[in-house]
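Everything on this sheet refers to the single structure shown next.
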Amino acid sequence: MSLRVYNTLSGSKEEFVPLTPGKVGMYVCGVTVYDNCHIGHARAGVVFDMIYRYLGAKGFEVNYVRNYTDIDDKIINRANREGVPYNVISERYIHEFDVDMARLFMLLPTHQPKATEHIAEIIGLIERLIERGFAYQAGSDVNFSVDKYESYLKLSKRNLEDMQAGARIEVDERKQHPMDFALWKGSKPGEPFWESPWGQGRPGWHIECSAMSMKYLGETFDIHGGGKDLVFPHHENEMAQTEAATGKPFVKYWIHNGFVNINAEKMSKSLGNFFTIKEVLERYDAEVLRFFLLSAHYRSPIDFSDQNLKDAEAGLERIYKALAGVDERLQGAEDPARTEECAELEEKCQGLATRFTEAMDDDFNTALALGHVFDLVRAINKCLPHAPKALLGQVQAEVATVATVLGVLDSKPAEFLERIKARKTEGMEIAVEEIERLIAERAEARKAKDFKKSDQIRDELLAKNIVLLDSAQGTTWQVK
RNA sequence: GGCGGCAUGGCCAAGUGGUAAGGCAAAGGACUGCAAAUCCUUUAUUCCCCGGUUCGAAUCCGGGUGCCGCCUCCA
């Protein structure tokens, strides 16, 4: 069974065959660090983290590089607004980015290079482009000449004429072609700068990724990823300048994730309709957010809404409740002999790995993969009382494998349920002590078979969203 | 205007030629003193519309409608 991935370059799913057997080089565009990240960044992070984990699980040795763009107009603007050096801004948001990504259970990439730490490589690459005739100096800027590179726009599948016809940009007089883009930008007074053969300036947006990917992954590598909105111009330009410089193919597989939408519209800074990761994590558990992001295929748009997050939470709770039941059974003393009712669980359990792999091999279909987990959950619930411990142990092992790849379902079930309960308890209009007092009162009433009073207490608490759960061990409660 | 994508039950969401996964929500039943959870059952003869190809299409082709994205910084 082989992995198939959708390649933006070819527009179709292709069998994944790395350039070097057993090894994968993967470069993912990180963020420009000028503000806190929003849910769109979270999705890109989670998607490529999942891909990184899955490639690792398939036995590949993955060199995963994710950059920080730590010099850019927006960073400079913000620094000016706050009256601080640009690197105060970039360092602050690099830190916040790291915090946010870690909270979403993302593994650290192999390398996390910063643009400003690769100025020498960037200058070297620009010089190479000038030497080969693909770039020219215009005042204190250096531009890439799109005319000279034949395959320009092959990634985004457009043509130059149409682009110009629909262009909304003002044409810079110094550009030989309106679509030429900056490799190096001369600095204006007061702006941060680095010395270069073309005077003081800073790198253009795209060149840093070419320089850094080349340094850590070589001139040709396997996977380049990012959000769909990076296809043009960023990735198109990156590919053009890199291939122009090396004369070799840049990337074998281009992978792009879909957007996070709000009411079917793209979430973005410019539209102002975004939620930061920090805001969302105040209201939802990080694992719920990650689970939500993986509940749709990575290339589809996903709609962020309260209802959808609540649905995701309910679904994840269902899985964890079943797993908590498994834990309890394993801690108990009894170990029933296998009955016929275990056949289905046994089948679902043994088949999970295969089904999971099939789903993931088909362009990382996490939605389908999670569907298989739910099938297992039903089988668990059905036969839990009769299942022998050995089988339940297998169930745990299978789920653990899934958890390792998806980065969800990795919590201790009881702890997850406790986390959700604590979160819900926070917003309650009744104190925990009061609930417990009423439960005790009700226990007395029940003992006396005073069910009228018992039900009255249940209803009273239910009106405050507290659900009572009676069991042989006593009464517990949860927030509805 | 150019290019690209999407349209599946009340909601979310898989499914690229073989007769519609899964989750949430809802209803009925079992269980319970009553509940909750759980289990069982039910909820799309049908996948935006109209044509076509095919023994057979949600899946392929043509046309239409609607929504979205990129073309400007953007994950």
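To find a chain, count down the sequence lines: A is the first, B the second, and so on, and within it residues start at 1. The figures that follow rest on heavy atoms only: side chains count, while hydrogens, waters and symmetry mates do not.
Scanning atom types as modelled, no donor and acceptor separated by under 3.5 angstrom connect the side chain of A:Arg158 and the base of B:rG1.
Partner assigned to B:rC24 is B:rG10, using Watson-Crick or G-U wobble distances below 3.5 angstrom. Checking B:rC48 for Watson-Crick or G-U wobble geometry (two distances, each under 3.5 Å) identifies B:rG64 as its partner. Using the Watson-Crick or G-U wobble rule with both distances under 3.5 Å, B:rU32 pairs with nothing in any strand shown. Shown here, B:rC55 forms a base pair with B:rG18; the pair counts as Watson-Crick or G-U wobble because both key distances fall under 3.5 Å.
Backbone-only contact: A:His297 has heavy atoms under 4.0 Å from sugar-phosphate atoms and none from a base. Within the nucleic acid shown, A:Asp375 comes within 4.0 Å of sugar-phosphate atoms alone, with no base atom in reach, counting heavy atoms only. When heavy atoms are screened at a 4.0 angstrom cut-off, A:Arg446 is found touching base atoms of the nucleic acid. Backbone-only engagement by A:Asn308 is indicated by non-hydrogen atom pairs under 4.0 Å involving sugar-phosphate atoms exclusively. Here A:Val260 lies in heavy-atom contact (under 4.0 Å) with a base. Counting non-hydrogen atoms under 4.0 angstrom, A:Ser454 reaches a base of the nucleic acid. Within 4.0 Å (heavy atoms only), A:Asp73 reaches no atom of the nucleic acid at all. Nucleic acid contact class of A:Arg458 (heavy atoms, under 4.0 Å, all strands): base.
B:rA20 and B:rU43 have their P atoms separated by 13 Å, given to the nearest Å.
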- Message: Set out, in order, the CA-CA distance, both residues' side-chain angles and the distance that settles ring pair (Phe, Tyr, Trp, His ring centres under 6.0 Å) for A:Tyr253 and A:Tyr6, then state yes or no.
- Response: CA-CA 8 Å; A:Tyr253 305 95; A:Tyr6 181 88; over 10 Å; no
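The aromatic rings of A:Tyr149 and A:Tyr152 lie perpendicular to each other, with more than 60° between the two planes, well past the 30° mark.
When the nucleotides B:rA35, B:rU16, B:rG33 are ranked by their closest atom to the side chain of A:Lys13, B:rU16 comes out on top. Side chain of A:Phe259, nearest nucleotide from B:rC39, B:rA75, B:rA36: B:rA75. The side chain of A:Asn381 lies closest to B:rU38 when the candidates are B:rU38, B:rC70, B:rA75.
A distance of 6.0 Å or more separates the ring centres of A:Tyr64 and A:Tyr27.
Here A:Phe451 lies parallel enough and close enough to stack on the base of B:rG33, with planes under 30° and ring centres under 5.5 Å apart.
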